[in-house]
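Quick caveat, the model's predicted, so the values are computed rather than measured. Sequence lines set the chain letters: A, B, ... in the order given, protein chains first and strands last, and positions in each chain run from 1.
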Protein chains: 2
Amino acid sequence: MASLNVGSLGEYIREQRRHAQYSLRQLADAAGVSNPYLSQIERGLRKPSAEILQQIAKALRISAETLYVQAGILEEREEHGLGLRTAILADPLINERQKQALLAVYDTFLKENDVQQQAGDANTDPDEPQTLEENAQKGRISDGDR
Amino acid sequence: MASLNVGSLGEYIREQRRHAQYSLRQLADAAGVSNPYLSQIERGLRKPSAEILQQIAKALRISAETLYVQAGILEEREEHGLGLRTAILADPLINERQKQALLAVYDTFLKENDVQQQAGDANTDPDEPQTLEENAQKGRISDGDR
DNA sequence: GCAGGCTGCTTGCAATTGCAAGCAGGGCGA
DNA sequence: TCGCCCTGCTTGCAATTGCAAGCAGCCTGC
């Protein structure tokens, strides 16, 4: 299943290489990959692994992220709420235990909403009161909001 | 040289899977990969391709970016911190009351850390930023460790 | 007891990655 | 004309990915 947009990725790499005035061998050398392989990548015949992609990005002095976006394996910039989990984990202001607590609360909310939204379905994961309790204890929230 | 930090990547995936209360098979199914392969990834025996990584990220509801960072194939990009607040408010999966609750917990943690400052944890040593909003904008230092 | 479900792990095996070696062709100087 | 160096491409082949099938252990019910 080619969810990887290898075609445009290859074209993009070639374009960037040309733009940097590198020959195929030069870039291959700089990236630490073989030149025939780079050739095949650029023509869309091979899907480079994450590692190779990273090396190419470094050699081209472009962000690996850009390449991943081009390859269709990274969203442009995800702010769709998938990011909340990420944001929690990435936050430098709180420690690991606190992150876990926040995540636990978040998961509790998600599960809450999930149960409410989906009325009656074959549920593989029945309600687990234990975790809910645990979460509630850690993140016991003062209901009195402003 | 193995620029992929497969060990920590696997651990991280396993941790996130456990946290989401998925079994190995469940996550493997959701991600569209085989369960033995996922097992091997989690134990660091295999380096998943970019495609697989992406699918796992989707199934775990975390950003692929986070996984790439964990795998050591993407630089850590930190403009978070403020982002957590924003991310909470922007998240479409939880309602307004729940957002306020999360923010309240978050604030509690921040206050906790601010009070304790040098008392508790020996491992993580944040710079105890007080005005987190302004602070988060300037680039933070990542302790180059791994 | 023991059947059925779950958990994760091990084992071959096809398909793919990624590379060393070699090929075709275009300039350019002697 | 012949070398020589450059460009990119093609071709086997080892190593790796990723999977189907199967195994061992642990519960829970009968």
inquiry  = I'd like to know whether B:Val33 forms a side chain to side chain contact (heavy atoms under 4.5 Å, CB included) with B:Ile41, so could you lay out the CA-CA distance, the side-chain angles of the two residues, the decisive distance to 0.1 Å, and finally the verdict.
reply    = CA-CA 11 Å; B:Val33 307; B:Ile41 290 173; 5.9 Å; no
What is the separation between atom [atom1] on [X] and atom [atom2] on [N], rounded to the nearest whole Å?
X       : N      : atom1 : atom2 : value
B:Ile41 : D:dC19 : CD1   : P     : 8 Å
B:Leu38 : C:dT7  : CG    : C1'   : 13 Å
B:Glu42 : D:dT17 : CD    : C1'   : 17 Å
A:Asn35 : C:dA20 : CG    : C1'   : 10 Å
A:Arg25 : C:dA20 : CZ    : P     : 12 Å
B:Ile52 : C:dT17 : CD1   : P     : 12 Å
B:Leu45 : C:dT10 : CG    : P     : 8 Å
A:Leu27 : D:dC9  : CG    : C1'   : 16 Å

Listed nucleotide nearest any side-chain atom of [X], set [options]:
X       : options                : result
B:Ser49 : C:dC9, D:dG18, D:dG8   : D:dG18
A:Arg43 : C:dG18, C:dT10, D:dT10 : D:dT10
B:Ser34 : C:dT17, C:dG8, D:dC19  : D:dC19
B:Arg18 : C:dT11, C:dA20, C:dG8  : C:dG8
A:Leu24 : C:dG18, D:dG8, C:dC9   : D:dG8
A:Arg14 : D:dG8, C:dG8, C:dT17   : D:dG8

task = Give a yes or no on whether the backbone of B:Ser39 and the side-chain of B:Glu42 come within a donor-acceptor separation of less than 3.5 Å.
result =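 No.
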task = Give a yes or no answer on whether the side chain of A:Arg17 reaches the backbone of A:Tyr22 with a donor-acceptor pair at less than 3.5 Å.
result =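 Here the side-chain-to-backbone pair exists.
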query = Between B:Arg46 and D:dA15, does any side-chain N or O lie under 4.0 Å from OP1 or OP2?
reply =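 The answer is no; no side-chain N or O of B:Arg46 sits under 4.0 Å from OP1 or OP2.
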message = I need the minimum non-hydrogen distance between B:Ile56 and B:Ala31, along with the two atoms involved.
response =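 Looking at all heavy atoms of both residues, the shortest contact is CA-CB, 3.9 Å.
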remark   = Comparing A:Ser23 with B:Gln40, nearest DNA chain D nucleotide closer to 5' gives the residue A:Ser23
task = Step by step, work out the side chain to side chain contact (heavy atoms under 4.5 Å, CB included) result for A:Lys99 and A:Leu102.
result = CA-CA 5 Å; A:Lys99 287 177 187 178; A:Leu102 269 182; 5.7 Å; no
